[in-house]
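Single-structure report; data block below.
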Amino acid sequence: MTVVAGVVTTGYGVIGVTGIPLAFLVVAAVLALFSVGYVAMSRRVENAGAFYAYISRGLGRPAGVGAAWVALIAYNALQVGLYGTIGVAAEPVLDRIFGGHPHWAVVALVAWALVALLGLLRVDINGLVLAALLVAEIVVILIFDLGQLGNPAGGEVSFTSFSPDNLFVPGVGAVLVLAILGFVGFESAVVFSEESKDPKRTVPLATYLSVVIIAALYALSSWTMAVAVGPDQIVAAAGEQSVGLIFNLAAEHLGDTAVTIGQALFLTSVLAAMISFHNTTARYTFALGRERVLPAVFGQTSPRSGAPRAASVAQSVFGLLVILLYAINGWDPVVKLFFWGGTTGGFGVLLLIATTSVAVIAYFVRSGGGETLWRRAIAPGLATAALFVIIWLAVSNFADLLGVAPDSSLRWALPAVYPVAAALGVGWALVLRNSRPDTYARIGLGAASAAAAVRPADQPPAPAATEVPR
């Protein structure tokens, strides 16, 4: 619901490109190719750091730490950005129940408290909460889609949204980043591999199912929205009605009850996304703390739940500070927190995916035994080429992505955060190599890092980690 009601309408209204349904399919094809090598590597590397660990194994420890810095910024931007829209999502629900709503920051603080609590519980409890919300959202979105498809504008169902001519236009890079933003989270199965019962089976299954389900649902929903409004009117309608567009269509075609349910699920959708990104970010921090790249306290887990306790608390403290900062200064939470945070975070994840794709190829060049040429080179190679084209288009269209003037400093300042962070991470890894070689030797080893701590720095690691470059 967050993507369909928020990201899709933003894409139509702010960027003005009508080929969004096709964009989801294009991105899905690229990510499916990426997943071939990603999943193949997951059978050999289990690490809560995911991208960080894979890049460390494939491109070297300094590159891995640089990627970790990028990941922390990107996932933090995605997670705290959602606090900016929770108030908007809650308004219609609270208005129906109480006849009014409090300041957005009050709602955000309540949501923050719930996310902070769930972040300290076992991952399977969080999974049950998220799964229940996910199933309910999918059912309601499909009902909305049927209502829109059954009431096409002008009485005719149009397929022009799937025409390449409506996607490959000025602004295509911005639309592709928005589409990737809709897929963020598909890679998280690897992040939780250490906590899953059978990672060699569940990680590939979860990854591929995520790509397929996300692509089908978002392409269908963005297309039926254009069908109901009219392909020539969808940009204007989305620009005027924004998040309310999908609910206004539901009110017209399905009645008030469907709208009420949809608005409630939009609220829980934002909350579910907060929980998901909180858990992912906390586990990246945990992975770095366990390997002493960050202070060791972040590598601690709760004896009762096994969750990364210190990392989760740190993530909660950061979220609280952001909410208070925006509330005290009166900054726009939707545009300057949710929209800018989400798009910038999505771009960071795009950079991580592309770098990981390169790392997968490098990893299998050194240790390709047991994998086919398709898995270790051809599919990752095709994915890498496509991902770097998307990055180039995204940088070219970053002003469109943010909805700012072409000469705005933000179009360069926000994406430039990532190469600066990566450079600082590489620098820190080189410092560790010279000053703390025992810590440097553990980078990228995951759960094996504790064993690496008792070996001399010049002694080769255990067989499971022989591919780790020095």
Side-chain angles (χ1 to χ4, degrees), residues 1-15 17-28 30-31 74-75 77-79 81-86 88-89 130-131 133-145 148 161 167 174-188 209-226 228 234 238 241-247 249-250 262-277 280 334 337-350 353 401 403:
M1 290 295 290
T2 301
V3 174
V4 173
V7 174
V8 170
T9 54
T10 298
Y12 279 133
V14 175
I15 302 173
V17 174
T18 59
I20 291 177
L22 180 59
F24 282 117
L25 298 181
V26 169
V27 168
V30 173
L31 294 182
Y75 284 108
L78 289 165
Q79 202 270 335
L82 289 164
Y83 288 116
T85 196
I86 190 71
V88 174
L130 294 174
L133 295 176
L134 175 65
V135 171
E137 288 176 47
I138 290 177
V139 170
V140 170
I141 287 173
L142 290 175
I143 292 173
F144 281 14
D145 290 344
Q148 291 163 178
S161 296
L167 174 60
V175 171
L176 291 174
V177 172
L178 277 183
I180 285 176
L181 181 59
F183 284 86
V184 169
F186 89 98
E187 78 288 354
S188 294
L209 278 178
S210 294
V211 173
V212 172
I213 293 173
I214 289 171
L217 189 66
Y218 292 163
L220 174 66
S221 298
S222 54
W223 170 59
T224 60
M225 197 182 299
I234 185 62
Q241 302 174 50
S242 186
V243 172
L245 176 59
I246 188 173
F247 301 113
L249 289 173
Q263 289 172 335
L265 286 174
F266 179 42
L267 172 60
T268 59
S269 173
V270 176
L271 184 62
M274 287 178 181
I275 297 168
S276 178
F277 286 128
T280 300
V334 176
L337 183 54
F338 169 65
F339 187 48
W340 288 358
T343 52
T344 304
F347 179 69
V349 173
L350 170 61
I353 293 172
L401 182 64

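None of these values were measured; they are calculated from a predicted model. For the numbers below, each heavy atom of this structure counts, side chains included, while hydrogens, waters and symmetry mates do not.
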Exercise: identify the closest heavy-atom pair between [X] and [Y]:
{"X": "Pro21", "Y": "Ser161", "result": "CG-CB, 3.6 Å"}
{"X": "Ala272", "Y": "Leu133", "result": "CB-CD1, 3.7 Å"}
{"X": "Ile141", "Y": "Ser221", "result": "CG2-OG, 3.2 Å"}
{"X": "Gln79", "Y": "Met274", "result": "NE2-O, 3.5 Å"}
{"X": "Ala226", "Y": "Tyr12", "result": "CB-OH, 3.9 Å"}
{"X": "Gly182", "Y": "Ile214", "result": "O-CG2, 3.8 Å"}

Next on the checklist: Evaluate Thr224 against Phe144 for side-chain contact (heavy atoms from CB on, under 4.5 Å), listing each step before the verdict.
Outcome noted: CA-CA 9 Å; Thr224 60; Phe144 281 14; over 6 Å; no

Checklist entry - Taking only residues two or more places apart in sequence or in another chain, which ones pass side chain to side chain contact (heavy atoms under 4.5 Å, CB included) with Ala228? => result Gln148, Leu249, His253

Checklist outcome for this item: Ile180 meets the side chain to side chain contact (heavy atoms under 4.5 Å, CB included) criterion, sequence neighbours left out, with Val27, Leu350, Ile390

Next on the checklist: Side chains of Leu181 and Leu78, heavy atoms from C-beta outward: is any pair under 4.5 Å?
Outcome noted: yes

Item to check | Side chain to side chain, Ile20 and Leu178, heavy atoms closer than 4.5 Å | outcome: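 SC-SC contact between Ile20 and Leu178 ruled out.
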
As an exercise, state the distance from [atom1] of [X] to [atom2] of [Y], rounded to the nearest 0.5 Å.
{"X": "Ile15", "Y": "Thr343", "atom1": "CD1", "atom2": "OG1", "answer": "9.0 Å"}
{"X": "Met1", "Y": "Ile246", "atom1": "CE", "atom2": "CD1", "answer": "5.0 Å"}
{"X": "Ser210", "Y": "Ile213", "atom1": "OG", "atom2": "CD1", "answer": "7.0 Å"}
{"X": "Leu267", "Y": "Thr85", "atom1": "CG", "atom2": "OG1", "answer": "10.0 Å"}
{"X": "Leu401", "Y": "Phe339", "atom1": "CG", "atom2": "CZ", "answer": "6.0 Å"}
{"X": "Ser222", "Y": "Asp145", "atom1": "OG", "atom2": "CG", "answer": "9.0 Å"}

Checklist entry - Taking the six-membered ring for Trp, are Phe183 and Tyr218 parallel (under 30°), tilted (30 to 60°) or perpendicular (over 60°)? => result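 Aromatic pair Phe183/Tyr218 classed perpendicular.
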
Next on the checklist: Pair Ile353, Leu31 - check side-chain contact (heavy atoms from CB on, under 4.5 Å), show working.
Outcome noted: CA-CA 9 Å; Ile353 293 172; Leu31 294 182; 4.1 Å; yes

Item to check | Any donor-acceptor pair under 3.5 Å from Thr9 side chain to Ala5 backbone | outcome: yes

Checklist entry - When you look at Tyr75 and Val349, which way does the side-chain contact (heavy atoms from CB on, under 4.5 Å) test go after all the steps? => result CA-CA 8 Å; Tyr75 284 108; Val349 173; 4.2 Å; yes

Item to check | Evaluation steps, side-chain contact (heavy atoms from CB on, under 4.5 Å), between Leu217 and Leu142 | outcome: CA-CA 8 Å; Leu217 189 66; Leu142 290 175; 3.9 Å; yes

Checklist entry - Which pairs with one or both residues in residues 265-274 pass side chain to side chain donor-acceptor pair (under 3.5 Å), sequence neighbours excluded? => result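 Pairs touching residues 265-274 that pass the test: Thr2-Ser269, Glu137-Ser269.
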
